[in-house]
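These notes are about the structure you will find just below.
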Protein chains: 2
Amino acid sequence: MSKPQISFPQEQCAECPIRHRAVCARCESDELEKLESIKYYRSYEAGQTIVWAGDKMDFVASVVHGVASLTQTMEDGRRQMVGLLLPSDFLGRPNREAAHYDVTATTDVQLCCFRRVPFLEMLDTTPHVSQRLLEMTLDELDAAREWMLLLGRKTAREKIASFLTIIARREPSFQNTVGVGQVAFDLPLTREAMADYLGLTLETVSRQMSGLKRDGVIRLEGKRHIVIPDFEVLMDETGDDSDGGVLD
Amino acid sequence: MSKPQISFPQEQCAECPIRHRAVCARCESDELEKLESIKYYRSYEAGQTIVWAGDKMDFVASVVHGVASLTQTMEDGRRQMVGLLLPSDFLGRPNREAAHYDVTATTDVQLCCFRRVPFLEMLDTTPHVSQRLLEMTLDELDAAREWMLLLGRKTAREKIASFLTIIARREPSFQNTVGVGQVAFDLPLTREAMADYLGLTLETVSRQMSGLKRDGVIRLEGKRHIVIPDFEVLMDETGDDSDGGVLD
DNA sequence: CGCCCCATTGAGTGGATTCAACTCTGGTGG
DNA sequence: CCACCAGAGTTGAATCCACTCAATGGGGCG
């Protein structure tokens, strides 16, 4: 229960791994200084709850390391994940006191937190922050809309395949490659969390993973490590258009 | 085919029905003047396509009258609605040339369009616009997350009931009432569009509507006019928490 | 070792889909 | 005027995909 705190290196902004992608991406050095004065780091172990829906939330944050999830729960226990926050993603609504969703660390997580009220003031005075936040929010909205297509119309197998491509694409190792050929990564989620993400049961997730493995689309090494021999073959299983998609 | 153009009154900003809720809500009169110089109105008949996914889009817009929908279509024809735009809602991504989704007028629609590039410049120079746009985008993201819960975890009956409450809540007539007792409104969507919204088939939509009618939860007058004798009874069918929800 | 947690697999059920027939309404033209 | 048609909606019967309930497998840790 009272394990030793996870310790990530306490970064300076200058060496921050998410410096160029997070909400602070466009800041000049003087703006960074201002942000630095209202920021602090926090760490959470895998499985810990970061905030409960309805709780007062006196900070907003960037995910520096690890993966966190937003979930909604119905009275009878049905659960749906509604957000998956990877490094550089933003957590919280500046002009809202209380959280709307449960936020959970699905792996060990380090957050770079900003005190909410000062951050809110910075939004008004620092266009580089508010512009970036708008851009990130619009990107999240697009992601949510892809997700809605997945939830509403895709088969279980397509859901799994789509999920794997989503995770693979955000892997640092993937960014270098052309997006063809072999890809490998660790799943940051349990089968149950995957089920919550995809609107399935954990048994269905397990069955479909086995199916993709049986058909040679993926290889499983241990429970969590995934090897994709040919990324295009996986893409064909997602149900999405084959053309590369629209550029920004 | 070449029906007479629908004509909505060509509003001045001062008398605009969405003046206080749209992206321009916080503007001062000098800012409104600037907006007015880059704006123009456009009307579409019910059923018309406003933009196709992938098309170049040289404007962004506010919905003034009517209802428009964003939809995604898979290669084999499966369709999912991913956005429903009611009066005052915002359409388009300022810093994106091409549309990501099909946009369709589901009723007769009037848009207040802003030329995209000048609007983009205004975002940089007019905090009242960019602040409001951020707020609206965050609201849409919240709505998308509710929608994801609906798509991923709710039963067909709960989906229909939830949809009806969503429409009812945004009815002007509803705003006055306390949110109890009788409510009545016209559905702005066909059964097929409802199915696309809810991730169902149109047959299932029809069956569940009949079910709610049989059980006295709703009354149908014609195909489109809905009467809800007791809003709380409908709420109980949505599967959502009974407590009023979180305030902003 | 033995326990716990996560994951896999199997058998049977059920809710939503598919395919198909039918109804209702409004509009058009003979 | 009304017969006819097209489009939207309803209803029925059979099917199927994912769910539920239940048993089993396997790895890590006290």
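Note on naming: letters A, B, ... go to the chains in the order of the sequence lines (proteins, then strands), and numbering restarts at 1 for each one. Both backbone and side-chain heavy atoms feed into the values below; hydrogens, waters and symmetry mates do not. Every value quoted in this text rests on a predicted model; they were computed, and no experiment measured them.
Under the ring pair (Phe, Tyr, Trp, His ring centres under 6.0 Å) criterion, the residue pairs touching residues 68-91 of chain A are A/F90-A/F119, with sequence neighbours excluded. Residue pairs that meet the ring pair (Phe, Tyr, Trp, His ring centres under 6.0 Å) test with at least one member in residues 50-81 of chain A, sequence neighbours left out, are A/F8-A/H65. Each salt bridge (Lys or Arg N to Asp or Glu O under 4.0 Å) pair with one or both residues in residues 76-87 of chain A, not counting sequence neighbours, appears once here: A/D76-A/R78, A/R78-B/E158, A/R79-A/E192, A/R79-A/D196. Identified under the side chain to side chain donor-acceptor pair (under 3.5 Å) test for residues 207-220 of chain A, with sequence neighbours left out: A/R157-A/D215.
Summarising the geometry, the separation between CE on A/M194 and P on C/dC6 is reported as 15 Å, rounded to the nearest angstrom. With rounding to whole Å, B/R191 atom CZ is found 13 Å from C/dT25 atom P. Put simply, CD1 on A/I160 is 10 Å from P on C/dT8, counting in whole angstrom units. One atom, CZ of A/R78, and another, C1' of D/dT20, lie 14 Å apart when rounded to the nearest Å. In this structure, CD of B/E192 is placed 15 Å from C1' of D/dA6, rounded to the nearest angstrom. Atom CD1 in B/I218 sits about 13 Å away from atom P in D/dG9, given to the nearest Å. The distance between atom CG of B/L187 and atom P of D/dT10, rounded to the nearest whole Å, is 10 Å.
Within the 4.5 Å cutoff, the side chain of A/V63 has no heavy atoms near those of the A/I18 side chain.
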All N/O contacts under 3.5 Å from nucleotides 24-30 of chain D to the protein, with atom names and distances to one decimal?
none

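If you check every strand for non-hydrogen atoms under 4.0 Å, B/G199 touches sugar and phosphate atoms only.
Applying the ring-ring contact (aromatic ring centres under 6.0 Å, His included) test to B/F163 and every residue at least two apart in sequence or in another chain returns B/Y197. Under the rule for a side chain to side chain contact (heavy atoms under 4.5 Å, CB included), the partners of B/M209 that lie at least two apart in sequence or sit in another chain are B/I160, B/L187, B/R191, B/M194, B/V205, B/I218, B/L220, B/I226. Considering only residues two or more places apart in sequence or on other chains, A/T201 meets the side chain to side chain contact (heavy atoms under 4.5 Å, CB included) condition with A/E203, A/T204. By the side chain to side chain contact (heavy atoms under 4.5 Å, CB included) test, B/T71 pairs with B/S69, B/M81, B/D102, sequence neighbours left out. For A/D89, the side chain to side chain contact (heavy atoms under 4.5 Å, CB included) criterion is met by A/L85, A/L86, A/R170, not counting sequence neighbours.
Contact annotation: B/R224 side-chain N/O to D/dG9 OP1/OP2 distance is under 4.0 Å.
Not a single donor-acceptor pair under 3.5 Å links the side chain of B/T137 to the backbone N or O of A/L138.
Of the residues in residues 148-159 of chain B, B/T155, B/A156 come within less than 4.0 Å of DNA chain C through at least one heavy atom, sorted by number. Residues from residues 202-217 of chain B with heavy atoms under 4.0 angstrom of DNA chain C, sorted by number: B/E203, B/T204, B/R207.
When each of D/dT20, D/dG9, C/dT17 is scored by its nearest atom to the side-chain atoms of B/T190, the top-ranked nucleotide is D/dG9.
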